[in-house]
Amino acid sequence: MKAIIIRYSEIHLKGNNKEYFESALISNLKTALKGFDLQFGRSNARYVLRNFDESLTPQIIDCVKNVFGVHSLSVAEEVPSTLEDIRAAAIALAPKRGSFKVSTNRADKRFPLHSMDLSAEIGGDVLENNSALTVNLHNPDHVINIDIRENGKTFVFRDVIRGVNGMPVGTGGKAVAMLSGGIDSPVAMYMMAKRGMSLRAVHFHSFPYTSAQAKQKVLDLAAIVKKYTLRMTVDVVSFTEIQTAIHERCPEEYMITIMRRFMMRIAEKLARINGCGAVVTGESLGQVASQTLESITSTNAVAHIPVFRPLIGFDKEEIIDIAHKIGTYETSILPYEDCCTIFLPKRPVTKPRLSAVEKVESALDVETLVQNALQNVETVVIE
Ligand code: ATP
Ligand code: MG
């Protein structure tokens, strides 16, 4: 019978908290596999999937390998622990050509042959069956693994597929992530989910200056990121009133800085309303005018909770590589306008002084603008 063996990472380092991390991982795996009919089991420090439709194996693997906390997985043949059954499975799984070796792990010490002896025996059988193969114990092209479990069953498998590692989502606290339609913020979400954070997103939208497609693009990005965060809710906040007020009352070169401060204030409020302890952004130091140390200082000055910027030390190219890997890139580059692109100053201040920013901003009724925006939130649960 086909089985999928799931091995987990870092979690086993967590000593007394081990059970907490394990149950989070199990629950996340079940969430990720919700759409499949299968049976979920445990085997020592592994999980095993059984009784699934074999034709769906690639899709199941794709779901499992993207669950944070999964170290690796293997598609195995699970057979009774007898020499005949193991031999048959090994021959069926053997490569067609090239060099190979057999590697045995014998958890069940009642099995009559020692690991080395069984490997040699099965290796001989495989070789006898296909003379195009050669044995190479030190640097083989292929490995046939035999794992004899204590329950009278043995797994025989070839490849080890790498998982994404990281910590199970839900074990690292909760945060509100600021999600634009760009390349960076979805990657930032991925990075924090990887460390076990549960995330929800906030998006600022300036209808009618920004279109319905621009908003849909962000919801599409959120749906892709959900593959990793497992759950996703997006608070879409109307930013039009705030942007119009800044445009009318503040010098244009401060537009972006002041917008950012409003975004941060609202994100923090949403964090508190939703029991989140941090805000996440996709900022990367020096990438644009709003991401200099001075700009970040101005934005950060209004925040009273931790702000995580997982991309702060990344080059654009490195961020793009991750965006490709996680599948957000193609959506991110669709050419819809972002609210940051309207009323854009020709020459934004790149090194705003906080005192100057505060002075400029005092022309606005900050509290009322923030309250109004919070009354205009559309909460979208991504299914
Ligand atoms: P991104 O690729 O994520 O859009 P960027 O390089 O375009 O980033 P900025 O536009 O300066 O950089 O945005 C910096 C960060 O501010 C974004 O990564 C995101 O976290 C947040 N942000 C910007 N615009 C919005 C928006 N409309 N809604 C929500 N968050 C936003
Ligand atoms: Mg952007």
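We count ligands from 1, going down the list as the structure has it; atoms in each ligand are counted the same way.
Interface atoms of ligand 1 facing V202, defined by a heavy-atom separation under 4.0 Å, are 29 (C). Short contacts between ligand 1 and T281, defined as distances under 4.0 Å to a heavy atom of the residue, involve ligand atoms 20 (O). Each of the atoms 17 (C), 18 (O), 20 (O) of ligand 1 lies under 4.0 Å from some heavy atom of G282. Close contacts of ligand 1 with Q291, meaning ligand atoms under 4.0 Å from a residue heavy atom, involve 6 (O), 9 (P), 11 (O), 12 (O), 13 (O), 14 (C). Residue contact check: G182 has heavy atoms under 4.0 Å from atoms 1 (P), 2 (O), 4 (O) of ligand 1.
When the side-chain contact (heavy atoms from CB on, under 4.5 Å) test is applied to K316, the partners found at least two apart in sequence or on another chain are I183, D184, Q287, I320.
Within the structure, salt bridge (Lys or Arg N to Asp or Glu O under 4.0 Å) pairs that include any residue of residues 89-106 do not occur (at least two apart or interchain).
Residue R260 places a heavy atom less than 4.0 Å from ligand 1.
In this model, a donor atom of one side chain and an acceptor atom of the other lie less than 3.5 Å apart for R7 and S74. R200 and N274 form a side-chain donor-acceptor contact under 3.5 Å, judged by distance and modelled atom types alone.
Using a 4.0 Å cut-off between charged side-chain N and carboxylate O, E22 and R42 make a salt bridge. Taking the charged nitrogens against the carboxylate oxygens, E358 and R353 have no contact shorter than 4.0 Å, which rules out a salt bridge.
With a heavy-atom cut-off of 4.0 Å, L179 touches ligand 1 through its backbone alone.
Polar contact check, I183 against ligand 1: a nitrogen or oxygen pair lies under 3.5 Å apart.
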